[in-house]
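Start at 1 and go down the list; that is how both ligands and their atoms are numbered.
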Amino acid sequence: MAESTSEGSRDRKPVDLLRIAQMHRAGEKIAMLTCYDAAFARLLDEAGVDALLVGDSLGMVIQGRAHTLPVTMDEMVYHTACVARGNRSAWLLADMPFGSYQESAEQAIRNAARLFQAGAQMVKIEGGGWTAATVHELVVRGMPVCAHLGFTPQSVHALGGYRIQGRDAGGAETLLRHAKELVDAGAQMLLFELVPSALARELCAQLPVPTIGIGAGSGCAGQVLVLHDMLDVTPGRRPRFVRNFLEGGASIQEAVRRYVRDVKSGAYPVDSLHGY
Ligand code: KIV
């Protein structure tokens, strides 16, 4: 496996926002995976994953629900604390679940603080437009934010299912406007889900902060996958953009190291398999 500064991470320095910005500037891809418990946090950290996301996808992969909407703040706090205990050096993000930030900036501040107290180093909020003001209120209080655009799973009912976003000129323009507003509001990272690869590449090139893609092709500064998807243990159909990294390998550790290696080298993802 090719050596890189982030691999072989038993002795790596903790990944922080400065390191992530440095990776972005240097063109070193950022490898992120979702994580929900201490044992996997330790395994992923030791395999060289740069950032762990305690995603509200736990509603689906851990709790067996149809979507992420029922996930509560208490559940997110619990899983964030579990991951924080197992993690040593990866950057740790946690999702703000549905209903935890939509009401007011005060509500968002109160709930984000709970995730930071549980060990998160950055929170992720879905949506653009109205969320910019909330992002600003969090960032000025010292709480870093990743803004999630494109397909936003908490809006699955409004979006009519798992669909690629920004396919037409109007949709693409809105995405770019929202992304710029969020960066101006202080978001230090953006995540694009289910966006056409050419559009994602253009957005990422125009934005000054690191961008993470999922189902958005290879043009972003980094990639994230749901852990259970890339190990192929999620029941049901696998989205087109997901690769089974366990296939042909000997262990979960090896699968995760292959994921890190392939994200860093650009071998994963391939643009022809973006989208759902
Ligand atoms: O909840 C989650 O796992 C996510 C990823 C799909 C990016 O938000």
For this session: Specify the protein heavy atom at minimum distance from atom 3 (O) of ligand 1: its residue, its atom name, and the distance to 0.1 Å.
Result: S57 OG, 2.5 Å
Exercise. Taking heavy atoms and a distance under 4.0 Å, where does L58 meet ligand 1: side chain, backbone, both or neither?
Worked result: neither
Exercise. Counting only heavy atoms not in R65, do more than 12 fall under 6.0 Å of its CZ?
Worked result: yes
For this session: Run through T80, V83, L93 and flag the one making a side chain to side chain contact (heavy atoms under 4.5 Å, CB included) with L52.
Result: V83
For this session: For the residue pair S100 and R114, confirm or rule out a side-chain donor-acceptor distance under 3.5 Å.
Result: no
Exercise. Ring centres of F245 and Y268 under 6.0 Å apart?
Worked result: yes
Exercise. Any idea which part of D95 is under 4.0 Å from ligand 1, heavy-atom wise: side chain, backbone, both or neither?
Worked result: side chain
Exercise. Which pairs count as ring-ring contact (aromatic ring centres under 6.0 Å, His included) when at least one residue sits in residues 52-74, sequence neighbours excluded?
Worked result: H67-H157
For this session: Select one of side chain, backbone, both or neither to describe which atoms of D56 lie under 4.0 Å from any atom of ligand 1, heavy atoms only.
Result: both
Exercise. Would you say H148 contacts ligand 1, with heavy atoms under 4.0 Å as the rule?
Worked result: yes
Exercise. Which residue owns the protein heavy atom closest to atom 8 (O) of ligand 1, what's the atom, and how far is it?
Worked result: K124 NZ, 2.7 Å
Seminar exercise, completed: atom 5 (C) of ligand 1: closest protein heavy atom, distance to 0.1 Å, is L53 CD2, 3.9 Å
Exercise. Looking at Y36 versus H228, is the centre-to-centre ring distance below 6.0 Å?
Worked result: yes
